[in-house]
Each structure stands twice: as structure tokens, then as C-alpha cells.
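Working notes, structure below.
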Amino acid sequence: MDLAYICEWEKWPKSTHCPSVPLACTWSCRNLIAFTTDLRSDDQDLTRMIHVLDTEHPWDVHSIRSEHSEAITCLEWDQSGSRLLSADADGQIKCWSMADHLANSWESPVGSLVEGDPIVALSWLHNGVKLALHVEKSGASSFGEKFSRVKFSPSLTLFGGKPMEGWIAVTVSGLVTVSLLKPSGQVLTSTESLCRLRGRVALADIAFTGGGNIVVATADGSSASPVQFYKVCVSVVNEKCRIDTEILPSLFMRCTTDLNRRDRLPAITHLKFLARDMSEQVLLCASSQTSSVVECWSLRKEGLPVNNIFQQLSPAVGDKQPTILKWRILSATNDLDRVSAVALPKLPISLTNTDLKVASDTQFYPGLGLALAFHDGSVHIVHRLSLQTMAIFYSSAAPRSVDEPAIKRPRTTGPAVHFKAMQLSWTSLALVGIDNHGRLSMLRISPSMGHSLDAGLALRHLLFLLEYCMVTGYDWWDILLHVQPSMVQSLVEKLHEEYTRQKAELQQVLSTRILAMKASLCKLSPCAVTRVCEYHAKLFLIAASSTLKSLLRPHVLNTPDKSPGDRLTEICAKITDVDIDKVMINLKTEEFVLDMNTLQALQQLLQWVGDFVLYLLASLPNQGSPLRPGHSFLRDGTSLGMLRELMVVIRIWGLLKPSCLPVYTATSDTQDSMSLLFRLLTKLWICCREEGPTSEPDEALVDECCLLPSQLLIPSLDWLPVSDGLVSRLQPKQPLRLHFGKPPALPGSATSLQLDGLIRTPGQPKMDHLRRLHLGAYPTEACKACTRCGCVTMLKSPNKTTAVKQWEQRWIKNCLCGGLWWRMPLSYP
């Protein structure tokens with residue numbers, strides 16, 4: 001467990017911290033972190049702001065002016081990581097969503113209010129989606145065996161079983177409030193008392209049961225009082241939200257029942273369910289000014305003994321013993337230093353005894369530990385159920401020597417730097433903490449948890465988690481923290497191998513995600529940087545090909561089940577003729593008729609296809625050169641087949657409107673560039689297509705490709721820039737010190753070899769990578785950039801035709817690689 005980076009605010013006067021202000025921090029499955037700080041100065045108050053950052057560019061923090069009137073007490077992301085709830089000490093709850101799908105532009109159209117009643121716990125309603133990870137089956141071939149869907153009911157359903165969206169919150173005075181978002185945009189809110197006798201609720205947490213009920217745990221802060229549990233059922237009756245509550249068994253903490261220790265730990269400081277969907281296990285922490293004890297409890301069904309008299313009177317009672325629900329303590333720690341924050345894992349590993357045995361057999365540790373932060377600045381990872389320490393991290397610069405007695409240590413003035421809020425990432429391989437100086441620290445948590453694993457096993461665990469992210473659609477940045485450059489090659493190969501073992505339909509669904517995953521892995525290795533460009537070009541080619549083919553319309557409506565796009569693929573695969581016109585004759589050209597304006601609007605995309613084919617063919621003779629991206633396309637039959645189909649489509653469209661054809665600069669006026677390129681492309685495709693035998697390109701083809709530069713001007717392709725993110729620059733054991741709002745002058749990552757066209761200097765013309773338009777050196781249009789691959793595109797579409805809209809819909813929410821969009825500031829010369 002070591003520090004990856006620390007990000008701090010610009011130096012402010014020391015008197016600006018408000019130690020009494022609670023901090024909130026939450027981490028989304030898209031690796032966005034939202035947090036609050038306790039910094040104040042005369043001209044600025046950061047305590048009412050919500051700060052959102054992407055873990056790859058932590059200095060690029062976006063602060064939302066939340067307009068909360070009191071300190072923010074809770075923050076909570078939804079399952080998809082695109083909406084955020086915030087609640088404050090005045091009872092106001094706001095629901096934030098991304099404006100224009102930008103991760104640094106937020107708006108709050110809806111919310112709810114329990115006036116003057118501080119919110120202590122907040123959660124989105126459960127949407128009924130729950131996966132289980134089967135670690136013991138990590139060697140199985142199908143993803144369906146490794147990650148299975150668990151039967152789990154949503155908290156509330158609409159007509160047809162669709163889960164209803166909304167949130168639930170608990171207030172200090174013992175009220176539970178539920179707000180439901182109707183599809184029309186209207187909010188139904190209802191508030192109800194948790195029980196008849198309302199009391200103060202200092203701490204609360206919310207969990208969900210498989211049957212669709214909600215369980216709320218509350219404590220009044222005193223360890224002499226019981227921890228109460230309530231079942232909450234939400235329903236909609238006559239267009240109104242209705243809440244029914246029921247009392248469940250309560251418990252007293254074990255450390256307070258002991259007479260000698262009762263007064264030593266007067267307060268309960270932390271109360272958490274072990275997971276949002278595990279309402280049977282709860283973690284409690286009781287503290288004094290200097291020490292804490294943590295306990296883990298479990299709710300079990302137990303039989304009630306029945307007196308013999310009743311058994312004789314009614315034999316049925318004797319057969320079926322009545323049961324009762326009872327809390328039983330699972331484990332407790334000895335006296336620890338005072339706990340300041342707790343973070344729980346989100347990996348869905350089930351926690352029965354057999355599963356724990358499996359975890360120890362397979363040595364798979366991520367997701368088994370929860371994190372405790374202490375007031376002396378240390379962080380311990382302890383086992384979720386047995387609470388035994390698994391890993392320790394000291395945040396102080398000088399590690400303390402074990403044999404030095406405590407008295408000798410110089411007394412520091414004021415409290416030590418410690419985390420006031422912590423969160424584990426979705427794969428439990430990283431931990432973020434916000435300390436009492438407002439700084440954000442990112443810790444790596446090794447998947448081996450300090451145990452010695454052999455390299456093959458460690459690689460298999462990382463592969464298993466990458467597959468989990470591929471299936472769920474979560475972002476995998478936190479896994480990349482642990483990938484060494486030497487692992488990249490084998491991880492990419494094994495990932496591909498696992499992918500090819502899946503069913504064809506699942507492969508089709510995951511085809512773009514695996515390309516994005518391979519690209520991000522290759523970024524970490526200096527020798528694979530050209531592969532990154534190739535994977536991104538392939539993502540672009542797949543998207544462009546499916547968009548262009550989807551524009552084709554059947555001529556008569558009662559055509560057989562094959563769409564024109566499928567028919568085009570079939571005919572191009574069947575006819576291996578090198579003459580483009582002979583392939584065209586076999587197609588129904590009336591299916592290709594499009595509006596003239598539409599064709600003109602697609603010219604930039606068609607130009608890219610033409611340029612790409614020319615670039616690939618021209619690089620065939622020197623295919624061994626590792627510094628030129630595009631090498632892997634020359635042996636990739638599917639991609640070459642796609643390009644061949646597109647060349648045929650472009651040729652037909654060129655007959656309708658010649659100005660939409662790709663423009664080539666040729667040396668002779670009479671040369672037909674399209675048919676020349678199609679001929680060479682077909683020959684190359686025949687060498688490596690999937691149906692036929694693969695062979696090396698023959699001498700004549702290589703000679704003809706050698707002559708291409710003397711016949712046509714070879715374009716320089718605009719590959720994606722090498723990303724300026726952190727993950728490829730983080731060295732083990734060397735944490736980076738960053739400042740919010742200031743891009744770091746980091747040492748160039750190992751990937752910045754002087755590659756053709758990959759290096760960007762500040763004044764160089766920029767490119768809209770998705771619309772293939774030149775933006776100029778200092779674009780006047782507002783642009784957005786992808787947080788993962790660095791791809792840049794304009795916010796507003798310059799063209800309003802339906803075909804262009806169809807193309808833009810492919811990447812309006814996320815980049816083609818799955819990364820989130822971030823609005824770029826305008827740059828000036």
C-alpha cells in the first residue's frame with residue numbers, strides 16, 4: 001500500500017480550517033471523485049462547494065457552487081456514475097446531472113427539502129441490478145460463469161417492472177424522506193417518522209434487501225443507547241408516495257456491556273452496513289478522545305426453544321420450531337487509536353464462510369478488506385469480517401521506528417494530519433482520502449495485500465478485474481495503477497484470448513470496449529505506443545463503418561430480412577474481384593441513393609477513409625518499421641474488409657455527387673485513384689482474409705505499393721495525441737505532489753518518443769478528431785476533450801443534417817473509447 005499522488009490547494013493562511021465541519025467524499029464507477037473541503041478564507045468559502053475531479057487529471061478540479069445554505073453532509077453517486085446527490089445540514093437535497101454530458105458542467109434541476117432538519121444518511125433507491133463475482137471460477141471460459149446476475153428486487157418498480165428512480169434520506173430528528181423521480185420529470189416526495197417515539201439520530205446508514213425493502217440503521221451517538229434498525233417499504237398509492245416503517249431487532253455494542261469499559265468509550269462515531277445490498281451485516285465503531293473499538297455484527301435467524309407442555313398439546317409446534325431474528329457479534333478489535341474515517345469495499349464478493357475459504361485458497365484479496373483511518377495519520381486495511389489487519393500505511397513523511405518508545409516522540413502542536421473522509425474505488429485497488437488540511441491523497445492498494453504472490457497469479461487477478469470492468473462497463477483506471485510496463489504484452493494477449501472464448505453475440509457487444517481497454521494498457525508501455533494509435537484508429541473505423549452502412553435504405557420495403565449493409569458485406573466478401581466496378585455491378589445501386597446535402601456533409605469522413613487506405617498501402621513496403629502506426633492493420637483481414645466495403649460505397653456515392661469523393665493529389669490527370677487503391681487493397685485483403693488461406697503479400701503487390709508515393713501524395717494522418725494523463729507517469733514508491741488548478745510540469749512520460757505526428761507543440765493546428773475538421777491553432781469554438789484518450793471535438797455541431805446527427809449520436813455521451821467528456825478552456829495566443 002503506497003501513495004500514488006497528493007493534490008493540495010494553493011497556500012492559504014493557516015487559520016482557515018473548520019475542524020468541526022464534516023467532510024463528504026464519494027467515488028463513482030466512472031472514476032470521478034466528488035468531495036467537499038473545510039477551507040475558508042476572508043474572500044472565499046469552499047465549505048459550500050462540491051469539487052468534482054477525474055482521477056487521471058486530478059489538478060483539473062471543477063468546483064460547483066452548490067447554493068447549499070449550510071455545510072454539505074452527504075454526497076452520493078448513482079449506479080451509472082452520471083448523477084450526484086448532495087445533502088446539507090439544513091435538510092436540502094439536490095440532484096445534480098451533467099449538462100451536455102460534460103463531466104465539468106453540472107446542473108441541479110430537481111431536489112427535495114426537509115426544512116431545518118440536517119440530513120445524516122442519503123442513498124439512491126436500488127435499481128435491482130446486482131452482480132456476484134465468482135473468484136473460484138476465474139479460470140472458467142465464459143463471463144457468465146465468472147460474473148452472474150443475482151436475483152434482487154428494485155426498491156420500487158414502474159409499470160412493466162422497470163425500476164423507479166429516486167432517493168431516500170434520514171434526518172437528525174428521526175424522519176425518513178423518500179423522493180421519486182417520475183419519467184415525466186415530476187418529483188414525488190413523502191416524509192415519515194421512523195418510529196412513533198422520535199429521537200435524535202446522530203448516525204445512520206441505509207441498505208437494501210433482496211426482496212425490495214430498505215433497512216435503516218440509526219444511533220443517537222451515545223454508546224449507552226442501542227443501535228436501532230427499521231424496515232422501510234416504499235410504494236406509490238394514487239399518484240402519492242407512501243412510506244411504511246417497521247421496527248427490527250436492535251443491538252447494544254459489546255464494548256459497552258462490559259462494566260469496566262462502559263465509560264471509556266462514550267460515543268458511537270461510525271455506523272455502516274458492510275455493503276449497500278447487505279443489510280444483515282453492520283460495522284460499528286465506539287470511540288473516546290484517544291481510542292476506538294470496531295465491531296462487526298451479523299443478523300441471524302435463531303430457533304426459539306418451546307416448552308414441553310406446548311409440544312405435547314400441539315405436535316405441530318414441536319415439528320416446526322419458531323424462529324426469531326437476532327444480532328450476533330462476529331468479531332471485535334482490541335483498543336485501537338481513534339478512528340477518523342471508514343471506507344468500505346464495493347466489489348460484490350459474497351461473504352459466507354465458504355466464500356472466505358475460497359478467497360484464501362485462490363489468494364484473491366481485493367474487496368475483502370475495509371479501510372480504517374486513524375487520528376495519528378495511519379490507514380489500516382482490515383478484513384471485512386474478522387477485522388484482522390491486512391495492510392498498514394503511514395502518511396507521516398518519516399516512518400516511525402517500532403522500538404522507539406512513545407514518550408520520546410516529540411509532541412506535535414495540534415492534531416496530526418489525518419483523513420476525515422475516505423472512499424475505496426470500485427475494484428478496491430485504490431483509496432482516496434481527504435485530510436484535515438483539505439488535501440486529496442490517492443493510495444494504491446496492492447492486489448496481493450502484502451502477501452507474496454507469484455507473478456502469474458497476480459496477473460490473473462488483474463485480468464479478472466479487467467474482465468469485471470469490461471462486463472459491467474465501469475472505468476478501469478484504478479487497475480492500471482498496478483500494471484507494470486513488463487505486464488502489458490501478456491495482459492493484452494490474455495485479455496484477447498478470454499474475449500475470443502465468449503459467444504459471438506457477447507463479442508459483438510464488447511468489441512469496442514476491449515479495444516479501448518487494450519489501448520489504455522498499451523499506453524503504459526513505451527514500446528507499445530504505436531499500438532495505442534492503431535487501437536484508436538480501429539475504434540474510429542468500426543464506428544464510421546457502421547454509421548455509413550446504416551445510412552443505406554432498402555429500395556422496396558418488403559425486402560427479405562437482410563439490411564442493405566449486411567448484403568453489402570456479404571457481396572464484398574464473396575466477390576474477390578480486384579476491379580471496383582465489377583463489384584459495384586452486383587449491388588442494387590438504388591439502395592445507395594442519398595440526399596445531395598447529406599453526401600456533401602459526409603465528405604470529411606469519406607476523406608479520412610480514403611486517406612487511411614492510401615496511408616496503409618504506402619506503408620506496406622516498410623511494414624517492419626515500429627515507429628509508424630498502422631502496422632497491425634496490414635494483417636487484419638476484418639479491418640481491410642471493412643475498408644474495402646467503404647471504398648465501394650464511396651465509389652457509388654461519387655457517381656451521385658462527385659464532390660463528396662475523397663480528394664487525392666495525383667501526378668497524372670488521367671489516373672483513377674479510387675480503382676487503383678481498391679485493386680491494391682483487395683490484393684492485400686485476399687492475403688489475410690478469414691475465409692481463405694493467409695499468405696504473405698507477393699512481390700508484385702509490394703512493388704506496386706512502392707510506386708504509390710510517386711503516383712499520389714501520401715497524406716500525413718492525424719493520430720490521437722499522447723494523453724497528458726497521470727497513469728503512465730506514476731512511478732512506484734515516488735508519489736507526485738500536485739496543486740489544484742495548476743497543470744503539473746511532469747517529466748515526459750516514457751511514451752513520448754519522437755513519433756511521426758504524435759507530438760503536439762502549443763501553437764500547432766488542432767484537429768476535431770471525430771468530425772475530421774481542422775480547428776486552427778487557437779480554436780474559437782468551444783471544444784470538449786476525452787478524459788481518457790485526449791480526443792478533441794467541438795461542442796456544437798457545425799452541420800445539422802440527419803446523417804451527421806446520426807454520426808454524432810455515437811459519441812454524444814462518451815468518447816468512442818468510453819471516456820467522459822470534459823469541457824476545454826479556450827486557448828489564446
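One is the number of the first residue; the rest follow in order along the sequence.
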>> What I want to find out is whether D475 reaches R30 closely enough, with some N-O distance under 4.0 Å, to be called a salt bridge.
In response: no

> In Å and rounded to the nearest 0.5 Å, what is the CE to OG distance from M647 to S675?
Replying inline: 9.0 Å

> Would you say Y535 and V492 make side-chain contact, with heavy atoms under 4.5 Å?
Replying inline: yes

> With the threshold set at 4.0 Å, does a side-chain nitrogen-carboxylate oxygen contact exist between R823 and D60?
Replying inline: no

> Is there side-chain contact between T787 and E56, with at least one heavy-atom pair below 4.5 Å?
Replying inline: no

> Going by distance alone, is a donor N or O of one side chain under 3.5 Å from an acceptor N or O of the other, for T569 and K549?
Replying inline: yes

> Do you know which two heavy atoms are closest between L713 and L614, and how far apart they sit?
Replying inline: O-CD2, 3.6 Å

> Do S797 and E808 meet the criterion of a side-chain donor-acceptor pair at a distance under 3.5 Å?
Replying inline: yes

> How many angstroms lie between atom CZ of R651 and atom CG of L677, to the nearest 0.5 angstrom?
Replying inline: 10.5 Å

> Any side-chain heavy-atom pair from L640 and L684 closer than 4.5 angstrom?
Replying inline: yes

>> So that I can tick it off, tell me whether E467 and K146 are bridged by a salt bridge, with the cut-off set at under 4.0 angstrom between side-chain N and carboxylate O.
In response: yes

> Have T801 and N597 got a donor and an acceptor in their side chains that come within less than 3.5 Å?
Replying inline: no

>> We want to know whether R501 and S142 form a side-chain donor-acceptor pair, criterion being a heavy-atom distance below 3.5 angstrom.
In response: no

> In Å, rounded to the nearest 0.5 Å, how long is the span from SG of C783 to CG of L775?
Replying inline: 5.0 Å

>> With rounding to the nearest 0.5 angstrom, report the CG to CD1 distance, L606 to I650.
In response: 4.5 Å

> How are the rings of H496 and Y499 set relative to one another: parallel (under 30°), tilted (30 to 60°) or perpendicular (over 60°)?
Replying inline: tilted

> Does the side chain of R531 pick up a donor-acceptor pair with the side chain of S632 at under 3.5 Å?
Replying inline: no

> What are the two closest heavy atoms between W653 and L602, and how far apart are they?
Replying inline: CZ3-CD1, 4.2 Å

> Where is the tightest heavy-atom contact between L661 and Q607, given as atom of each residue plus distance?
Replying inline: O-OE1, 4.4 Å

> Are side-chain heavy atoms of S82 and S97 found at a separation under 4.5 Å?
Replying inline: no

> Just checking, any donor-acceptor pair under 3.5 angstrom between side chains of S550 and Q806?
Replying inline: yes

> Do H101 and I812 have side chains that get closer than 4.5 Å, going by heavy atoms?
Replying inline: yes

> Under 6.0 Å between ring centres, would you say that holds for F633 and W685?
Replying inline: no

> Would you call the rings of Y468 and F147 parallel, tilted or perpendicular, where under 30° means parallel and over 60° means perpendicular?
Replying inline: tilted

> Between P154 and P163, which heavy-atom pair has the shortest distance, and what is it?
Replying inline: CB-CB, 3.8 Å

>> Please find the pair of heavy atoms, one from V52 and one from A103, that lie closest to each other, and give the distance.
In response: CG1-O, 4.1 Å

> What distance separates L617 CG from L708 CG, expressed to the nearest 0.5 Å?
Replying inline: 6.0 Å

> Between the side chain of E145 and the main-chain N/O of S141, is any donor-acceptor distance below 3.5 Å?
Replying inline: no

>> I'd like to check C95 versus S108 (side-chain heavy atoms, cut-off strictly below 4.5 Å). Are they in contact?
In response: no

> Should the pair R553 and F592 be classed as cation-pi, given the thresholds of under 6.0 Å to the six-membered ring centre and 45° from the axis?
Replying inline: no

> Would you call L521 and L466 a side-chain contact if the rule is heavy atoms closer than 4.5 Å?
Replying inline: yes

> Which atom names give the shortest non-hydrogen contact between G819 and R788, and what distance separates them?
Replying inline: CA-CG, 3.8 Å

> Distance only, no hydrogens: is a donor on one side chain within 3.5 Å (strictly under) of an acceptor on the other, for S520 and W476?
Replying inline: yes

> Is it true that E165 and K182 have a side-chain N and a carboxylate O under 4.0 angstrom from each other?
Replying inline: no

>> Within the structure provided, determine whether Q604 and R771 are in side-chain contact (heavy-atom separation under 4.5 Å).
In response: no

> Salt bridge check: are D636 and K538 linked by an N-O gap of less than 4.0 Å?
Replying inline: yes

>> Measuring from atom OH of Y664 to atom CD1 of I714, what distance do you get when rounded to the nearest 0.5 angstrom?
In response: 10.0 Å

